[in-house]
Amino acid sequence: MSIRLSQRRWRISSGDLVADVDLAHGGKIRALRSRRSGRNFLFHDPRRNPRGEKYLEHDISGWDECFPTVGASAAPQALDHGVLWRTPWHGQRFERQLVTKVVKPNGMPVMLTRIITPMESNRLLFDYTFLNLSREPLPFIYSSHPILAVDPDSRIRLSHIRQLLVLGQNGRLKSGRRQPWPVATETDGTTVRLDTHFTPDRQLAGKWFAKTPGPALVTFPRTGEALRWTWDAEKLPYLGIWLSLGIPLDERHPDPEQWICAALEPCTSKRDLLEPEHSLQLLPGEPYSFWIQVELLSPRRQARRLRRWLGGKWLPLKRRP
């Protein structure tokens with residue numbers, strides 16, 4: 001386990017799992033990398049130095065944080081994907097933790113502290129605390145926003161989910177309806193898998209929500225690895241699932257193969273738009289704290305996890321010679 005500053009970015013490692021943190025660009029986690037395979041599990045924006053006021057006009061690589069909203073709305077400070085990614089963060093190493101924070105992002109009277117702790121067994125723990133610096137309650141949505149680079153044979157495994165609420169998509173599913181997981185039905189009656197077959201010819205983009213305590217597992221058969229996500233289900237009761245399969249997010253970069261990604265987003269709400277009358281309130285002086293943990297599983301540990309999820313009905317583990 002180690003924490004060090006390298007070329008203006010912090011590098012945090014726990015065994016084979018390494019995270020690169022770019023505080024200058026909104027606290028962005030630019031990479032979640034495996035020492036074993038060299039793979040970066042996070043999506044890399046194919047554009048060169050994109051810049052703009054909207055979220056999709058900036059570098060969407062990696063893992064950002066969304067607060068006090070995801071979708072832009074008329075509410076105060078309800079900007080596109082929130083205010084945190086727009087503002088430089090600060091951080092320092094304190095013993096075996098990286099303590100990072102951002103104060104009054106975009107002028108909003110809030111302080112966020114995010115502490116990253118390398119744990120044993122290829123695990124990184126992210127502890128969050130939001131504090132309202134004003135005298136009035138502040139309505140908010142929080143959503144983690146890690147965008148994953150998936151292969152065609154990658155698979156998203158959600159053991160506690162049977163149905164999803166469709167928030168929006170590119171016209172092939174019925175918005176506002178519940179869809180089965182992992183096989184959904186398109187408007188023409190065709191069934192489609194949402195958990196795998198991540199190829200550009202799919203031409204599918206959408207956002208779905210489910211209420212779940214977790215965990216979530218994403219497998220990467222090409223390297224025999226998996227990422228396991230767990231989170232504070234009391235404070236983050238929902239999981240947002242976003243897919244973009246062959247749908248260019250920038251018309252100047254139309255190659256569908258450059259736009260293959262997925263996101264698993266532990267969040268406070270089953271909506272992306274901040275609606276003050278329906279949202280949580282960040283009360284003055286009262287912290288709102290929660291945690292998210294990411295674990296890298298080796299092939300052997302991955303098989304053991306899957307066997308447990310399936311009630312022991314799984315292929316026997318091969319013994320090492």
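Note that the structure is a prediction, hence the values are computed from the model and not measured. Just so it is clear, the values below take in all heavy atoms, side chains as well, and ignore hydrogens, waters and symmetry mates.
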Under 4.5 Å between side-chain heavy atoms, hopping through other hydrophobics if needed: is there a path connecting Ile60 to Ile247?
-> no

Mind checking whether Ile156 and Trp181 have side chains closer than 4.5 Å, heavy atoms only?
-> yes

Roughly how far, to the nearest 0.5 Å, is the CD atom of Glu277 from the CG atom of Leu274?
-> 8.5 Å

Same apolar cluster (I L V M F W Y, side chains within < 4.5 Å links), Leu227/Val18 = no

Any Thr212 side-chain heavy atom under 4.5 Å of Leu158 side chain = no

Smallest heavy-atom separation, Ala19 atom then Leu124 atom, equals CB-CD1, 3.6 Å

Can you check whether Pro215 reaches Arg157 side chain to side chain, under 4.5 Å on heavy atoms?
-> no

What residue pairs, at least two apart or across chains, pass salt bridge (charged side-chain N to carboxylate O under 4.0 Å, His left out) with a residue in residues 100-111?
-> none

Does His197 offer a backbone N or O that forms a donor-acceptor pair with the side chain of Arg202 under 3.5 Å?
-> yes

Quick one: pull up CH2 in Trp208 and CD in Gln163 and give me the separation to the nearest 0.5 Å.
-> 15.0 Å

Please, which pairs that meet salt bridge (charged side-chain N to carboxylate O under 4.0 Å, His left out) have at least one residue in residues 133-154, sequence neighbours excluded?
-> Arg39-Asp151, Asp151-Arg222, Asp153-Arg222

Taking all atoms of both residues into account, what is the closest heavy-atom pair of Arg30 and Asp22, and its distance?
-> NE-OD2, 2.7 Å

Hey, is the main chain of Asp16 close enough, under 3.5 Å, to the side chain of Asn122 for a donor-acceptor pair?
-> yes

Validation row: Pro50, Asp45 side chains within 4.5 angstrom (heavy atoms) | yes

Side chain to side chain, Glu186 and Asp188, heavy atoms closer than 4.5 Å | yes

Separation of Glu295 CD from Leu217 CG (nearest 0.5 Å) = 9.0 Å

Can you name the nearest heavy-atom pair linking Ser61 to Asp64, along with the distance?
-> O-OD2, 4.4 Å

Nearest-0.5 Å distance, CD1 of residue Ile3 to CG of residue Leu98 | 6.0 Å

Do His253 and Asp250 have a side chain donor and acceptor closer than 3.5 Å?
-> no

Would you sort out whether Asp232 and Tyr128 count as a side-chain contact (heavy atoms from CB on, under 4.5 Å), showing the intermediate values?
-> CA-CA 11 Å; Asp232 184 342; Tyr128 298 77; over 6 Å; no

His58: partners by ring-ring contact (aromatic ring centres under 6.0 Å, His included), with sequence neighbours left out = Tyr55, Trp85

Phe209 side chain reached by Cys267 side chain, heavy atoms, under 4.5 Å = yes

Heavy-atom neighbours of Glu57 CD exceed 12 at 6.0 Å = yes

Hey, is the main chain of Thr185 close enough, under 3.5 Å, to the side chain of Thr191 for a donor-acceptor pair?
-> no

How close do Phe140 and Gln281 get, heavy atom to heavy atom, and via which atoms?
-> CE2-C, 3.8 Å

Any donor-acceptor pair under 3.5 Å linking the side chain of Trp231 with the backbone of Leu236?
-> yes

Would you say Leu239 and Leu264 make side-chain contact, with heavy atoms under 4.5 Å?
-> yes

Distance-only side-chain donor-acceptor flag, Ser298 / Arg36, under 3.5 Å | no

Check the hydrophobic clustering (I, L, V, M, F, W, Y; side-chain heavy atoms under 4.5 Å; chains of links allowed) and say if Leu280 and Tyr142 are grouped together.
-> yes

Tell me, please, which residues at least two apart from Trp63 pass ring-ring contact (aromatic ring centres under 6.0 Å, His included).
-> Phe126, Trp229

Whether Thr219 side chain and Pro221 backbone form a donor-acceptor pair below 3.5 Å | no

Under 3.5 Å: donor-acceptor pair, side chain of Lys28, backbone of Gly62 = no

Side chain Asp272, main chain Gly71, donor-acceptor under 3.5 Å | no

Roughly how far, to the nearest 0.5 Å, is the CH2 atom of Trp259 from the CD atom of Gln203?
-> 13.5 Å

Within residues 86-96 or reaching into it, pairs that qualify as side chain to side chain donor-acceptor pair (under 3.5 Å) - sequence neighbours excluded = none

In chain order, what residues pass the side chain to side chain donor-acceptor pair (under 3.5 Å) check against Arg9, with sequence neighbours excluded?
-> none

One should read off an interatomic distance between Ser34 OG and Leu297 CG, to the nearest 0.5 angstrom, of 11.0 Å

Listed partners of Ser6 passing side chain to side chain donor-acceptor pair (under 3.5 Å), at least two apart | none

With sequence neighbours left out, the residues meeting side chain to side chain donor-acceptor pair (under 3.5 Å) with Arg11 are Asp20

Between Asp195 and Pro182 the two heavy atoms that sit nearest each other are CG-CB, 3.4 Å

Donor-acceptor pairs under 3.5 angstrom involving side-chain atoms of residues 286-294: please list them, not counting sequence neighbours.
residue, atom, partner, partner atom, Å
Tyr288, OH, Lys235, O, 3.0
Ser289, OG, Thr129, OG1, 2.9
Gln293, OE1, Arg123, NH1, 3.3

For the pair Asn40 (side chain) and Leu32 (backbone), establish whether a donor and an acceptor sit closer than 3.5 Å, ignoring hydrogens and angles.
-> yes

Does Ser13 use its side chain to pair, donor to acceptor, with the backbone of Gly15 at less than 3.5 Å?
-> no

When you look at Leu245 and Ile260, which way does the side-chain contact (heavy atoms from CB on, under 4.5 Å) test go after all the steps?
-> CA-CA 5 Å; Leu245 307 179; Ile260 303 295; 4.3 Å; yes

Using the rule that two of Ile, Leu, Val, Met, Phe, Trp, Tyr join whenever any of their side-chain heavy atoms come within less than 4.5 Å, decide whether Ile147 and Leu204 are in one cluster.
-> no

Would you call Val192 and Val183 a side-chain contact if the rule is heavy atoms closer than 4.5 Å?
-> no

Could you list the residues that satisfy ring-ring contact (aromatic ring centres under 6.0 Å, His included) with Phe43, not counting sequence neighbours?
-> none

Show the atom names and distances, to 0.1 Å, of all donor-acceptor pairs under 3.5 Å that link a side chain in residues 107-118 to residues at least two apart or in another chain.
residue, atom, partner, partner atom, Å
Arg114, NH1, Gly27, O, 3.2
Arg114, NH1, Glu65, OE2, 3.0
Arg114, NH2, Gly27, O, 2.8
Thr117, OG1, Gln97, NE2, 3.0

Worked check of side-chain contact (heavy atoms from CB on, under 4.5 Å) between Leu194 and Leu164 | CA-CA 11 Å; Leu194 302 178; Leu164 301 176; 4.1 Å; yes

Residues that Tyr238 engages under ring-ring contact (aromatic ring centres under 6.0 Å, His included), provided they are two or more places apart | none

CD/Glu251: more than 12 non-hydrogen atoms of other groups inside 6.0 Å = no

ILVMFWY network linking Ile141 to Leu282, side-chain heavy atoms under 4.5 angstrom = no

